[in-house]
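Read the structure below first, then the notes.
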Amino acid sequence: MVSAATPADAEGIAALWNVVIRDTVATFTTVEKTAVDVAGAIARQPFFVARSGGRVTGFATAFQFRGGPGYVHTLEHSIHVADDAKGRGLGRALLTRLEDHARTAGTHSLIAAISGENADGIAFHATLGYTRIARLPQVGWKFGRWHDLVLMQKFL
């Protein structure tokens, strides 16, 4: 169900990510990803995918929370599941696989940065043991308005 991403998954990951970028505030970026961007990320950081019928239906990745050596053991993650694949346990499987990988690599904690409007994302992370540690008001700008960012953390 979940496996390590390869460069062959880059196009499918970009397609899924770009729907999120274009249509939601689950991410505050407005710059779409290319397959080249994603392939580069796959080479640099842990990336896991779920597939169904040859199509990427979800992905999870992690990257250093902030720059500098003092943050090397804290990662922020990004996880997205296609709308038509939600409710099947893919998100849980993806994040569990990412957490296992991070734990084995010596990561101390994972950070989830979630749009304040994404109640489902906040509830999902809480179910998996993430604790809300902060709400940063009006730090993201998208679709002509300000958005809050909720930070959640899990110690591994």
Side-chain angles (χ1 to χ4, degrees), residues 2 5 9-42 44-50 52 55-68 70-99 101-102 107-156:
V2 173
D9 296 310
E11 188 173 323
I13 292 168
L16 173 56
W17 214 337
N18 288 336
V19 169
V20 175
I21 290 168
R22 276 191 310 268
D23 300 340
T24 77
V25 293
T27 178
F28 298 152
T29 189
T30 57
V31 178
E32 293 190 23
K33 308 289 184 185
T34 67
V36 172
D37 296 333
V38 174
I42 290 168
R44 290 187 309 274
Q45 62 202 53
F47 237 106
F48 297 96
V49 293
S52 178
R55 177 176 74 99
V56 172
T57 53
F59 71 87
T61 186
F63 42 89
Q64 191 169 319
F65 174 62
R66 296 191 64 179
Y71 294 100
V72 71
H73 298 289
T74 299
L75 301 179
E76 180 178 340
H77 70 270
S78 184
I79 179 169
H80 298 289
V81 174
D83 284 343
D84 64 348
K86 289 182 179 176
R88 298 184 201 163
L90 293 181
R92 178 181 294 272
L94 284 161
L95 191 49
T96 299
R97 180 75 181 270
L98 184 66
E99 289 173 354
H101 174 83
T107 300
H108 178 64
S109 69
L110 280 176
I111 302 291
I114 307 165
S115 168
E117 294 181 20
N118 187 353
D120 290 343
I122 293 167
F124 166 76
H125 282 84
T127 298
L128 292 177
Y130 286 76
T131 302
R132 182 176 155 168
I133 56 172
R135 185 178 191 102
L136 307 175
Q138 300 181 19
V139 296
W141 177 262
K142 191 169 184 183
F143 300 141
R145 58 191 172 89
W146 291 106
H147 303 275
D148 294 355
L149 184 68
V150 173
L151 298 179
M152 298 181 78
Q153 181 179 33
K154 182 175 183 177
F155 292 104
L156 301 179

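Here, residue 1 is the first one in the sequence, and each next residue gets the next number.
When all heavy atoms are compared, the tightest approach of Phe155 to Ser109 is CD2-CB, 3.8 Å. Across every non-hydrogen atom of Ala50 and Leu94, the tightest pair is N-CD2, 3.9 Å. Minimum heavy-atom separation, Thr29 to Lys142: O-NZ, 3.1 Å. Residues Tyr71 and Gly67 come closest through the heavy atom pair CD1-O, 3.2 Å. The two residues Leu110 and Tyr130 make their nearest non-hydrogen contact at CD1-OH, 3.4 Å. Nearest approach of Val25 to His147, heavy atoms of both residues: CG1-CE1, 3.4 Å.
Atoms CD and CG, from Gln64 and Leu75 in turn, are 7.5 Å apart once rounded to the nearest 0.5 Å. Atom CH2 of Trp17 and atom OG1 of Thr34 lie 10.5 Å apart (nearest 0.5 Å). Put simply, CD on Gln45 and CG on Leu98 are 10.0 Å apart, with the number rounded to the nearest 0.5 Å. Taken from OG1 in Thr107 to CD in Glu99, the straight-line distance is 10.5 Å, to the nearest 0.5 Å. The OG1 atom of Thr27 lies 6.0 Å from the CD1 atom of Ile21; values are rounded to the nearest 0.5 Å. Rounded to the nearest 0.5 Å, atoms CG (Asp83) and CG (Asp23) are 9.0 Å apart.
The environment of CD in Gln153 is crowded: more than 12 heavy-atom neighbours from other residues, nucleotides or ligands sit within 6.0 Å.
At distances below 3.5 Å, at least one donor-acceptor pair connects side-chain atoms of Asn18 with backbone N or O atoms of Lys33. In terms of modelled atom types and a separation under 3.5 Å, the side chain of His101 and the main chain of Arg97 share no donor-acceptor contact. Within the 3.5 Å criterion, the main-chain N or O of Ile111 finds a donor-acceptor partner in the side chain of His77.
Counting only heavy atoms from C-beta outward, the side chains of Met152 and Ile133 never approach each other to under 4.5 Å. A 4.5 Å side-chain heavy-atom check between Phe47 and Ile13 finds at least one atom pair inside the cut-off. A 4.5 Å side-chain heavy-atom check between Thr61 and Arg44 finds every atom pair outside the cut-off. Using a 4.5 Å heavy-atom cutoff, the side chains of Phe59 and His80 are in contact. Residues Val72 and Arg66 fail the side-chain proximity criterion, which asks for heavy atoms closer than 4.5 Å. By the 4.5 Å heavy-atom criterion applied to side chains, Thr57 and Leu90 are counted as neighbours. Between Leu95 and Leu128, some side-chain heavy-atom pair lies under the 4.5 Å cut-off.
Remark: Arg55 engages Asp84 in a salt bridge, criterion side-chain N to carboxylate O under 4.0 Å. For the pair Arg145 and Glu117, the salt-bridge criterion is met [side-chain N within less than 4.0 Å of a carboxylate O].
Here the two rings, on His108 and Phe65, have centers that are 6.0 Å apart or farther.
Under the side chain to side chain contact (heavy atoms under 4.5 Å, CB included) rule, Ile114 has a single partner from Asp120, Ile122, Leu151, which is Ile122.
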